[in-house]
Amino acid sequence: MAKNPKIEFFIININSYKKEKPTFRDLFTELYIVKKSRNMRDNINNSILMNTFLQYVFDKISGKYKVDNQKKKAFYIEKEKKNLGKNIKFLSEKYIIHGLIKGGEYDTGKEEGDLKNPDKKSKLSNTSVLLDDFYFLLYTPLDKSKGILILQNYTSDQISDVFLPFIRDLFKIDNLSLKANLKPFMPIEMQKEIKKNAIIEKFTFSNEYLIDDLDKDTHLSEGFVIEVNIFSKSKSINPLSLSFWLKKIRDFKITTSKGEVRSLDTFNKQYGYIREKGSTLSTPTRFVLDDDSIKIKPTIFLQNYITLQENYIPIWKELEDFALKTLVEIVIPEVYPEDFIDED
């Protein structure tokens, strides 16, 4: 199975039972007060608040596993002395925590073998975790109620199904906030870039159809799903020309066993499949053929953006630089447009 690295974007929305949403400053101030047993809320230095949040994260997963017994997955941050997380970087003035977590499946029932000795094998224990490194970035601007999560996964090995619930819980503070809402997000600028540099591999049209009286002696009838797949021979159809090709293709007609002529435009389910040009690892993304539009899933396959090692693991420094640059130059201006109003 291909180990294709990808990153996904999420908007973190603080959720509260109060009419006025608390900000990250409110949440981190509450954490600081509880930790220090102080009742002073005003004039707490930004750096102190961000450090309080960082320590709060470390207390939960630094040097110890966060375990999901139902999904049989676990993850943690490698611990260094002074209870700090190894491979974790902290940019307090930019409200950013980012770095690597380790995680994967456990209790898989698998065996491990030896390439040099096929007869040497042993079953993994039910506490053995199959570990991968995963990159994450948390952006929590103190005076906002909305943050950003960037998370790297693989197509074959994912950590999101256990890491995302952890993030939701992370911003649940007693008497102040509920579990955070996470919304998948893809910056419009990146959607445009993908569409510009992508190809549509195929179109699929399907419809249920009842065929009866196939044999007058037996009077058989059966329901079938008729599926028509149309492939681009040159593999060069650009999404920007979707409207033109879709009009032509939808006019294709088939004739049923009863002599009924149906155009593909009448089929109930209509999909297209898009792939980033030059990407040999990414799985084509399905989209609904609706109003000539393509809604790109909030996933970026990293093959076309950074260097991958021979085992398809990212060069972590390149991924880190790519994530930070994307955050600052593309994501933040779109998520917080109010901070980029030109008063001139």
Side-chain angles (χ1 to χ4, degrees), residues 10-18 20-68 73-103 133-152 159-183 320 323-324 327 332 335:
F10 301 89
I11 294 178
I12 305 167
N13 284 298
I14 295 176
N15 194 12
S16 176
Y17 50 83
K18 297 185 177 182
E20 186 174 342
K21 273 190 178 184
T23 64
F24 290 108
R25 182 182 299 279
D26 296 325
L27 268 57
F28 301 167
T29 297
E30 188 67 23
L31 292 174
Y32 177 77
I33 290 172
V34 171
K35 188 175 183 63
K36 300 295 183 180
S37 299
R38 297 180 182 177
N39 198 27
M40 183 183 68
R41 294 180 177 273
D42 298 328
N43 301 319
I44 303 176
N45 184 276
N46 287 356
S47 180
I48 291 176
L49 290 178
M50 288 302 298
N51 272 283
T52 299
F53 176 57
L54 179 66
Q55 192 60 56
Y56 177 66
V57 175
F58 285 165
D59 288 344
K60 290 182 175 294
I61 57 172
S62 180
K64 55 186 175 185
Y65 279 105
K66 178 70 175 178
V67 180
D68 187 315
K73 287 185 179 181
F75 66 91
Y76 76 108
I77 293 174
E78 284 191 283
K79 186 177 180 180
E80 287 186 332
K81 55 186 176 181
K82 295 184 180 180
N83 202 33
L84 295 179
K86 185 179 181 181
N87 298 324
I88 298 297
K89 296 182 179 180
F90 182 42
L91 306 174
S92 64
E93 72 284 358
K94 295 183 179 179
Y95 317 121
I96 292 172
I97 298 173
H98 68 133
L100 300 180
I101 56 173
K102 284 187 173 291
D133 286 328
F134 300 90
Y135 175 84
F136 78 97
L137 183 152
L138 268 176
Y139 176 66
T140 54
L142 289 177
D143 294 315
K144 304 288 186 182
S145 298
K146 186 163 53 178
I148 296 165
L149 168 66
I150 299 177
L151 179 62
Q152 174 259 325
I159 203 69
S160 59
D161 55 349
V162 290
F163 190 71
L164 295 184
F166 168 75
I167 295 297
R168 292 189 186 98
D169 288 338
L170 197 61
F171 298 102
K172 181 181 182 296
I173 307 298
D174 290 343
N175 303 317
L176 186 58
S177 61
L178 306 171
K179 290 183 179 180
N181 293 323
L182 295 183
K183 180 182 178 182
E320 174 186 307
L324 287 169
L327 174 73
I332 290 178
V335 176

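This is a predicted model, so every value here is computed, not measured.
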ask   = Crowded around Lys94 NZ? As in, over 12 foreign heavy atoms under 6.0 Å?
value = no
message = Once ring-ring contact (aromatic ring centres under 6.0 Å, His included) is applied, do any residues pair with Tyr56, and if so which ones, sequence neighbours excluded?
response = none
task = Would you check, one step at a time, whether the test side chain to side chain contact (heavy atoms under 4.5 Å, CB included) holds for Phe58 with Ile77?
result = CA-CA 8 Å; Phe58 285 165; Ile77 293 174; 4.1 Å; yes
request  = Side-chain contact test, heavy atoms from C-beta onward, threshold under 4.5 Å: evaluate it for Thr52 versus Thr29 and give yes or no.
outcome  = no
request  = Supply the atom-to-atom distance Lys144 NZ to Leu142 CG, rounded to the nearest 0.5 angstrom.
outcome  = 11.5 Å
key: Spatial distance of atom OG (Ser62) from atom CD1 (Ile101) [nearest 0.5 Å]   = 12.5 Å
inquiry  = Please check if the number of heavy atoms outside Asn45 that lie under 6.0 Å from its CG is greater than 12.
reply    = yes
ask   = Can you tell me how far CG of Leu100 sits from CD of Gln152, rounded to the nearest 0.5 angstrom?
value = 8.0 Å
task = Evaluate the side chain to side chain contact (heavy atoms under 4.5 Å, CB included) criterion for residues Ile173 and Phe28: first the C-alpha distance (whole Å), next the side-chain angles of each, then the deciding distance (0.1 Å), finally the verdict.
result = CA-CA 9 Å; Ile173 307 298; Phe28 301 167; over 6 Å; no
request  = Can you sort out the partners of Asp143 under side chain to side chain contact (heavy atoms under 4.5 Å, CB included), two or more places apart, ordered by chain and number?
outcome  = Arg25
query = How far apart are the C-alpha atoms of His98 and Leu324, what are their side-chain angles, what is the distance that settles it, and do they pass the side chain to side chain contact (heavy atoms under 4.5 Å, CB included) test?
reply = CA-CA 9 Å; His98 68 133; Leu324 287 169; 3.7 Å; yes
task = Look at the side chain of Ser177 and the backbone N and O of Ile14, then say whether any donor-acceptor pair between them is shorter than 3.5 Å.
result = no
query = Is there side-chain contact between Lys79 and Lys64, with at least one heavy-atom pair below 4.5 Å?
reply = no
key: Any Leu164 side-chain heavy atom under 4.5 Å of Phe166 side chain   = no
message = For Glu20, I'd like to know if atom CD has over 12 heavy atoms of other residues, nucleotides or ligands within 6.0 Å.
response = no
key: Any Leu170 side-chain heavy atom under 4.5 Å of Val57 side chain   = yes
inquiry  = Measuring only between side-chain heavy atoms, which start at C-beta, is Phe10 closer than 4.5 Å to Ile167?
reply    = no
message = With rounding to the nearest 0.5 angstrom, report the CG to CG distance, Asn13 to Asn181.
response = 6.0 Å
message = Quick check for you: to the nearest 0.5 Å, what is the distance between Ile148 atom CD1 and Leu182 atom CG?
response = 12.5 Å
Minimum side-chain heavy-atom gap Asn87-Lys102 below 4.5 Å = no
task = Quick one: list whatever passes side chain to side chain contact (heavy atoms under 4.5 Å, CB included) with Leu178, sequence neighbours left out.
result = Asn15, Tyr17
inquiry  = The criterion is ring-ring contact (aromatic ring centres under 6.0 Å, His included); which residues satisfy it with Phe136, sequence neighbours excluded?
reply    = Phe163
ask   = Can Asn51 and Gln55 be counted as having a side-chain donor-acceptor contact under 3.5 angstrom?
value = no
Trace of the side chain to side chain contact (heavy atoms under 4.5 Å, CB included) decision for Met50 with Ile96 = CA-CA 9 Å; Met50 288 302 298; Ile96 292 172; over 6 Å; no
task = Could you check if a side-chain atom of Ile11 sits within less than 4.5 angstrom of a side-chain atom of Leu149, using non-hydrogen atoms only?
result = no
query = Among all residues two or more places apart in sequence or in another chain, which pass the ring-ring contact (aromatic ring centres under 6.0 Å, His included) test with Tyr65?
reply = Tyr76
ask   = So how far is it from Asp68 CG to Phe75 CZ, rounded to the nearest 0.5 Å?
value = 9.0 Å
task = Using only heavy-atom distances, determine whether the side chains of Asp26 and Thr23 contain a donor-acceptor pair under 3.5 Å.
result = yes
query = Any salt bridge (charged side-chain N to carboxylate O under 4.0 Å, His left out) pairs touching residues 163-182, not counting sequence neighbours?
reply = Asp169-Lys179
request  = Look only at the side chain of Lys60 and the backbone of Lys66, and say whether a donor-acceptor pair between them is shorter than 3.5 Å.
outcome  = no
Between Phe53 and Phe24, ring centroids under 6.0 Å = no
request  = Find out whether Ile12 and Leu138 are in side-chain contact, i.e. whether some heavy atom of one side chain is under 4.5 Å from a heavy atom of the other.
outcome  = yes
